[in-house]
Trainee: 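Sharing a structure below in structure tokens format, with a few things to ask.
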Amino acid sequence: MAKIQFSRGLDEEVIPDVRLTRSRTGESGTATFIFTNPKILDQNTTEDITGMYLIDEEGEIVTREVKGRFVNGRPEALEAVHLMKSKDEWDRFMRFMERYAEENGLGFSKSGE
């Protein structure tokens, strides 16, 4: 089961918008996740955001680069950035995304198509 968490043990139910960029050589890349009104920011949730955890049967991918977006002083969205510094890291990330997309009924499209 592929899932995303911001606090260990608390699955995020909001499906993010994910934007990928990759270097021309394919040796590095960036994934930017944008969660609009995620469950973790709900007023009833007192959990601390400790990072973004991408969890599947292979294990866990962790990024600590998580920022809040605020509108009129209220949290509205979370943005998380995951950097991939090798082809292996890119491939591992893509395997997670394929599982996550399949489980959540998401499509994949390349920009410009």
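Source: prediction; values computed, not measured.
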Trainee: By salt bridge (charged side-chain N to carboxylate O under 4.0 Å, His left out), which residues pair with Glu13, not counting sequence neighbours?
Mentor: Lys39
Trainee: Can you tell me how far apart CD1 (Ile61) and CE (Met97) are? Round to the nearest 0.5 Å.
Mentor: 9.5 Å
Trainee: So does Ser86 get a backbone contact from the side chain of Ser28, meaning a donor-acceptor N/O pair under 3.5 Å?
Mentor: no
Trainee: Drop me the distance from Lys85's NZ to Ser23's OG, to the nearest 0.5 angstrom.
Mentor: 13.0 Å
Trainee: Could you see if Leu20 belongs to whatever hydrophobic cluster contains Val66? Use Ile, Leu, Val, Met, Phe, Trp, Tyr and a side-chain cutoff under 4.5 Å.
Mentor: yes
Trainee: Could you identify which residues cluster with Val71, counting Ile, Leu, Val, Met, Phe, Trp and Tyr as linked when any side-chain heavy atoms lie under 4.5 Å apart, either directly or through a chain of such contacts?
Mentor: none
Trainee: Apply ring-ring contact (aromatic ring centres under 6.0 Å, His included) to Tyr53 and list each qualifying residue two or more places apart in sequence or on a separate chain.
Mentor: none
Trainee: Where is the tightest heavy-atom contact between Pro38 and Ala77, given as atom of each residue plus distance?
Mentor: CD-CA, 4.2 Å
Trainee: Apart from Val81 itself, what residues make up its hydrophobic cluster when side-chain heavy atoms of I, L, V, M, F, W and Y under 4.5 Å apart count as a link, directly or indirectly?
Mentor: Leu83
Trainee: The criterion is side chain to side chain contact (heavy atoms under 4.5 Å, CB included); which residues satisfy it with Arg95, sequence neighbours excluded?
Mentor: Glu58, Asp91, Arg92, Arg99
Trainee: I need the Met94 CE to Lys87 NZ distance, nearest 0.5 Å.
Mentor: 11.0 Å
Trainee: Could you check whether any side-chain heavy atom of Asp88 comes within less than 4.5 Å of a side-chain heavy atom of Phe93, counting everything from C-beta outward?
Mentor: no
Trainee: Mind checking salt bridge (charged side-chain N to carboxylate O under 4.0 Å, His left out) for Glu79 and listing every partner two or more places apart, or none if nothing turns up?
Mentor: Arg69
Trainee: Going from CG on Asn104 to CD1 on Ile15, what distance comes out if it is rounded to the nearest 0.5 angstrom?
Mentor: 3.5 Å
Trainee: Tell me whether the rings of Tyr100 and Phe96 are parallel (<30°), tilted (30 to 60°) or perpendicular (>60°).
Mentor: parallel
Trainee: Which distance, rounded to the nearest 0.5 Å, do you find between the CD of Glu57 and the CE of Met1?
Mentor: 11.0 Å
Trainee: Could you pull out all residues at least two apart from Glu60 that satisfy side chain to side chain donor-acceptor pair (under 3.5 Å)?
Mentor: Arg8
Trainee: With sequence neighbours left out, what residues match Arg64 under salt bridge (charged side-chain N to carboxylate O under 4.0 Å, His left out)?
Mentor: none
Trainee: So, using side chain to side chain contact (heavy atoms under 4.5 Å, CB included) as the criterion, who are the partners of Thr21 when residues are at least two apart?
Mentor: Thr30
Trainee: May I ask you to check whether Phe33 and His82 place their ring centers less than 6.0 Å from one another?
Mentor: no
Trainee: In chain order, what residues pass the side chain to side chain contact (heavy atoms under 4.5 Å, CB included) check against Asn37, with sequence neighbours excluded?
Mentor: Glu76
Trainee: Only counting residues at least two apart or in another chain, list the ones meeting side chain to side chain donor-acceptor pair (under 3.5 Å) with Gln5.
Mentor: Asp11
Trainee: With rounding to the nearest 0.5 angstrom, report the CG to CD1 distance, Leu10 to Ile40.
Mentor: 5.0 Å
Trainee: Do any pairs count as a salt bridge (charged side-chain N to carboxylate O under 4.0 Å, His left out) and have a residue in residues 18-32, sequence neighbours left out, and if so which ones?
Mentor: Asp17-Arg19
Trainee: Apply the side-chain contact (heavy atoms from CB on, under 4.5 Å) test between Phe6 and each candidate in Thr50, Leu41, Leu78; give the one that qualifies.
Mentor: Leu78
